[in-house]
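Every value quoted in this text rests on a predicted model; they were computed, and no experiment measured them. Order of listing sets the numbers, starting from 1, for every ligand and every atom in it.
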Amino acid sequence: MRVLITGGAGFLGSHLSDRFLAEGHTVVAMDNLITGNVRNIAHLAGNPNFLFVKQDVTNYIYLSGDLDAILHFASPASPIDYLKFPIQTLKVGALGTHNALGLALAKKAKFFLASTSEIYGDPLVHPQREDYVGNVDTIGPRGVYDEAKRYAEALTMAYHRYHGVDTRIVRIFNTYGPRMRLEDGRVVPNFVAQALRHEPLTVYGGSQTRSFQYVSDLVEGIYRLLASDYNDPVNIGNPHEMTIAEFAAVVNEVVGNPAGITYQNDQRIKGDPQTRQPDITRAREILNWEPKVQLREGLQKTVEYFRQVL
Ligand code: UDP
């Protein structure tokens, strides 16, 4: 296959590029580098099966040659980033998705949308199944991301139903691993960097829950979903749920940080979901997929990466 990965220089896009190349495919990675970084794909320079194109997908996308699949992963993805780039976040979910779908239609390529657990908002149903329609504050600070992704899902289904484009939608739950940006403000890079510096971990609130999956588990789920013929959304995430305070304790233990934690409740962004856990029944049944990497094992690998970056 020849695949286009938008956001190809980002955390997930770069890991996907690695996986598709390892499977013998050809990869075109596209990125405007507002949150992506060429460092993430520097090891692929010179690979004849890999091409990087610096382009903003919210503008018209031109690409010569055949394409078999488009994986649309371009988007700011951390709360700090979408507070900093609210308009770009909305544009890449709306215009970027439209352009990528238009290209898929023109090239007769499969289209794969990176959606998110954020479409469930601050969920009133727990754990979250794919048929739960969500609880999103449209005008809250996270609304720019949540609504962009909800629109992207609607547009994807419209292209599937109206134009017959062969589409996939993955709803990604909290994912961590090497190549996350140190300064993206998410809990994993924040805590790991603080622990490595032997500083107290900044816990905002603490009783809210998340369920963390290691990046290689996500990539496997995405690869299987693309190969399937399933068009409805599929949750891919690790159901192992814990409070942020518990998570902080695990990070401190893995890194060996004696500094403990500090509560900074005023830093918590309005609308921060109180609970989040994927129901992965659908992924189990349709893709025969489930996460394999244990939290401490994934954290070790992530810590090694951040040790080098710091
Ligand atoms: N959080 C925290 N300390 C930090 C960064 C984040 O306690 O230094 C909390 C944040 O308020 C949220 C959770 O950790 O409840 C996960 O935040 P993240 O930004 O990683 O992603 P989210 O799941 O909210 O999209």
Side-chain angles (χ1 to χ4, degrees), residues 10-12 35 75-86 89 93 114-123 126-128 134-137 140-150 170-215 218 235-252 255 257 259-278 295 298-299 302-303 306 310:
F11 165 47
L12 299 182
T35 57
S75 179
S78 81
I80 295 287
D81 285 341
Y82 38 84
L83 287 177
K84 197 163 146 201
F85 303 112
T89 302
S115 186
T116 167
S117 55
E118 283 283 321
I119 68 110
Y120 301 121
D122 193 358
H126 194 74
Q128 292 78 52
N135 176 40
V136 172
D137 176 5
R142 304 172 79 107
V144 295
Y145 184 65
D146 303 7
E147 291 300 337
K149 290 292 188 182
R150 290 171 69 93
V170 64
R171 291 188 182 148
I172 300 170
F173 283 67
N174 291 69
T175 304
Y176 70 96
R179 302 184 196 154
M180 290 189 97
R181 251 169 60 240
L182 191 57
E183 66 284 6
D184 89 357
R186 275 186 282 191
V187 70
V188 173
N190 273 14
F191 281 4
V192 171
Q194 289 158 352
L196 284 169
R197 292 182 180 124
H198 286 190
E199 295 166 4
L201 309 195
T202 54
V203 174
Y204 312 154
S207 66
Q208 72 271 40
T209 66
R210 292 294 185 273
S211 314
F212 295 97
Q213 85 178 319
Y214 189 65
V215 62
L218 172 67
N235 290 338
I236 297 286
N238 193 320
H240 180 196
E241 182 184 15
M242 64 186 74
T243 67
I244 292 299
E246 285 164 353
F247 179 64
V250 176
V251 172
N252 275 337
V255 177
N257 177 26
I261 63 179
T262 169
Y263 288 96
Q264 297 189 352
N265 297 353
D266 55 330
Q267 294 295 314
R268 197 162 171 208
I269 297 172
K270 185 169 171 282
D272 187 348
Q274 188 55 32
T275 55
R276 187 182 287 154
Q277 188 204 62
L295 181 63
L299 273 177
T302 309
V303 167
F306 280 111
L310 273 180

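Of all protein heavy atoms, the one closest to atom 9 (C) of ligand 1 is Q208 NE2, 3.9 Å. Nearest protein heavy-atom contact of atom 21 (O) of ligand 1 is N174 ND2, 3.8 Å. In this structure, atom 20 (O) of ligand 1 lies nearest to the protein heavy atom V187 N, 2.8 Å. For atom 7 (O) of ligand 1, the nearest non-hydrogen atom of the protein is Y204 N, 2.8 Å.
Not a single heavy atom of S78 sits closer than 4.0 Å to an atom of ligand 1. Residue contacts with ligand 1 include R142, since one or more of its heavy atoms lies under 4.0 Å from the ligand. Look at E118 and you'll find a heavy atom under 4.0 Å from some atom of ligand 1. In this structure, F191 has a heavy atom closer than 4.0 Å to ligand 1. Residue G185 places a heavy atom less than 4.0 Å from ligand 1. At a 4.0 Å cut-off, at least one heavy atom of R276 sits close enough to ligand 1 to count as contact.
Here is the list of ligand 1 atoms found below 4.0 Å of a heavy atom in N190: 4 (C), 5 (C), 8 (O). Using a 4.0 Å cut-off to heavy atoms of T202, the atoms of ligand 1 that qualify are 2 (C), 3 (N), 4 (C), 7 (O), 8 (O). Atoms of ligand 1 found under 4.0 Å from any heavy atom of P79 (numbered from 1 in listed order, with element): 19 (O), 25 (O). Contact atoms of ligand 1 toward V203: 7 (O) (distance under 4.0 Å to a heavy atom of the residue). Of all the atoms in ligand 1, the ones that sit under 4.0 Å from a non-hydrogen atom of R210 are 12 (C), 15 (O), 16 (C), 22 (P), 23 (O), 24 (O).
Under 4.0 Å from ligand 1, the heavy atoms of I244 that appear belong solely to its side chain. By the criterion of a heavy-atom distance under 4.0 Å, neither the backbone nor the side chain of I269 is placed next to ligand 1. Under 4.0 angstrom from ligand 1, the non-hydrogen atoms of R186 come from both its backbone and its side chain. Looking at D272 against ligand 1, only its side chain comes within 4.0 Å, counting heavy atoms.
Using modelled atom types, one side-chain atom of S78 and one backbone atom of D184 make a donor-acceptor pair closer than 3.5 Å. Formation of a donor-acceptor pair under 3.5 Å by the N257 side chain with backbone atoms of L196 is not found in this model. Under a 3.5 Å cut-off, the side chain of S211 and the backbone N or O of R276 do form a donor-acceptor pair.
Below 3.5 Å of separation, one finds no N or O of Q194 facing any N or O of ligand 1. Of the N or O atoms in R268, none lie within a sub-3.5 Å distance of an N or O in ligand 1.
Relative ring orientation between F212 and F247 is described as parallel, the plane-to-plane angle staying below 30° on a 0-90° scale split at 30° and 60°. The aromatic rings of Y145 and Y82 sit parallel, their planes meeting at an angle under 30°, below the 60° perpendicular limit.
Between K149 and E118 no salt bridge is recorded (no basic side-chain N to carboxylate O distance below 4.0 Å).
Evaluated for a side chain to side chain contact (heavy atoms under 4.5 Å, CB included) with Q277, the options E241, H240, R210 yield exactly one hit, E241. A side-chain hydrogen bond (donor to acceptor under 3.5 Å, both in side chains) with Y120 is found for exactly one of N135, D146, N235, namely N235.
Between the side chains of T209 and E246, not a single donor N or O lies within less than 3.5 Å of an accepting N or O.
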Quiz prompt | Criterion side chain to side chain contact (heavy atoms under 4.5 Å, CB included) on L295 and M242, from CA distance to verdict | solution = CA-CA 11 Å; L295 181 63; M242 64 186 74; 3.3 Å; yes
Run the side chain to side chain contact (heavy atoms under 4.5 Å, CB included) check on V215 and F11 step by step: do they pass?
CA-CA 9 Å; V215 62; F11 165 47; 4.0 Å; yes
query = How far apart are the C-alpha atoms of S117 and R171, what are their side-chain angles, what is the distance that settles it, and do they pass the side chain to side chain contact (heavy atoms under 4.5 Å, CB included) test?
reply = CA-CA 6 Å; S117 55; R171 291 188 182 148; 5.9 Å; no
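The nearest pair of heavy atoms linking L201 to A195 is CD2-N, 3.6 Å.
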